[in-house]
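Everything below concerns the one structure shown next.
Chain identifiers are assigned alphabetically (A, B, ...) following the order of the sequence lines, protein sequences preceding nucleic acid strands; residue numbering begins at 1 within each chain.
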There are 2 protein chains.
Amino acid sequence: MILDATDKRILAELSANSRQSMRELAKKVNLSAPSVTERVRKMESEGIINGYTISIDYGKMGYGVDCFMEVTLRQGEYEKFRRIIAVNPNAEFCYRIAGRACYIVKLRVKALQDLETFINEITGYAETVTHIALSKVEIEKSLLDEK
Amino acid sequence: MILDATDKRILAELSANSRQSMRELAKKVNLSAPSVTERVRKMESEGIINGYTISIDYGKMGYGVDCFMEVTLRQGEYEKFRRIIAVNPNAEFCYRIAGRACYIVKLRVKALQDLETFINEITGYAETVTHIALSKVEIEKSLLDEK
DNA sequence: GTTGAAAGACACCATCC
DNA sequence: GGATGGTGTCTTTCAAC
């Protein structure tokens, strides 16, 4: 599916506030409500809009430490690692990567002790390189701003 | 603010569908609508609910390559790098980190050529280590499932 | 893609437990 | 802390264009 500028504006508006009504949204993109609704439904069925969700500030919930961990599996125990990471609630995401390591994981923990627990859990068959996040750099431009 | 099990269920439900009405939500967590609304407003004003947004599948929009890049600045030109990354629409996030590198950036590009363009742009004052994402490992458990 | 109308659902408030 | 009921508004949806 090829998106035009209006579709992208719709996505940008819904990214900023997914709870607004189709009417409000229609006003913002200078279209009628039924027309906007049709475009949104189309993007939903195409899977471009993957879902309506919220942004949660985990820091305010006490998870004060974010970190990135590169994980390299020693004896190729990929399945073992996948099973463990899939049920780790501290994991925000995990990707299989090409590059220096096997996986890159983002973790959110309350204290460094939780990080230690996790590293100890996998250290028998995995090597880890951990980067603690110090601050976030805000990105101003989005792919939805493009042409 | 300390969240109880009901608050966490509300967050989990809104994460799954942020467009549902307070009434629907109330049914799911076995509370009345005004009561749920009050809890939601509280979490909004506390900043725990940071916003209502959508999940976009950028792969379906043609951005087929995700990658993680570690960036190490040679002469400490942090500001220069920050300015460039802040206006790069391909950047999904960027964190200042403690560890081997200065920053870790996630990029979404249509083709490796776009990656090359970016690397060339900063190569004068930065060293980069790039990890191409091959696949995503789904995480089943969430911090909102906790106690 | 637009307009207009109708039915239904919604949030909100006051009140009460 | 939470539930109930009434009110007026806003919403989506549909038909006609």
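- The listed nucleotides are D:dT12, C:dT2, D:dT4; the one nearest the side chain of A:M22 is D:dT12.
- Between B:K8 and B:E146 there is no salt bridge, since no side-chain N of the basic residue sits under 4.0 Å from a carboxylate O of the acidic one.
- Atom CD in A:E24 sits about 13 Å away from atom P in C:dA11, given to the nearest Å.
- Contact annotation: A:S21 side-chain N/O to D:dT11 OP1/OP2 distance is under 4.0 Å.
- In this structure, A:R23 does not reach the D:dT13 phosphate: none of its side-chain N or O atoms is under 4.0 Å from OP1 or OP2.
- Between B:R39 and D:dG1 there is no side-chain polar atom (N or O) within less than 4.0 angstrom of OP1 or OP2.
- When each of B:D4 and B:R19 is assigned the nucleotide of DNA chain D bearing its nearest heavy atom, the one mapping closer to the 5' terminus is B:D4.
- A:F68 is linked by a ring-ring contact (aromatic ring centres under 6.0 Å, His included) to B:F93, B:Y95, counting only residues two or more places apart in sequence or in another chain.
- Protein atom CG of A:N30 is 16 Å distant from nucleotide atom C1' of C:dT3, rounded to whole Å.
- The distance from atom CG of B:D7 to atom P of D:dG1 is 11 Å, rounded to the nearest whole Å.
- As a whole-Å value, the separation of B:E38 CD from D:dG1 C1' is 8 Å.
- Note: A:Y103 and A:F81 have tilted aromatic rings, judged against thresholds of 30 and 60 degrees for the angle between ring planes.
- By the 4.0 Å N-to-carboxylate-O rule, B:R41 lies close enough to B:E44 to be salt-bridged with it.
- When the options A:L3, A:I49, A:N50, A:I48 are evaluated for a side-chain contact (heavy atoms from CB on, under 4.5 Å) with B:K60, the one that passes is A:I48.
- Of the candidates C:dC10, C:dG1, C:dC12, C:dC12 carries the atom nearest the B:T37 side chain, counting heavy atoms from C-beta on.
- The distance from atom NZ of A:K27 to atom P of C:dG1 is 19 Å, rounded to the nearest whole Å.
- We find that CD1 of B:I2 is positioned 15 Å from P of D:dG1, with the value rounded to whole Å.
- When the nucleotides D:dG5, C:dA11, C:dG1 are ranked by their closest atom to the side chain of A:S35, C:dG1 comes out on top.
- Regarding A:Q20, its CD atom lies at a distance of 17 Å from the C1' atom of C:dA11, rounded to whole Å.
- Closest contact between the side chain of A:L31 and the listed nucleotides D:dA3, C:dC10, C:dT2 involves C:dT2.
- Applying the 4.0 Å criterion to OP1 and OP2 of D:dT4, one finds that B:S32 has every side-chain N and O outside that range.
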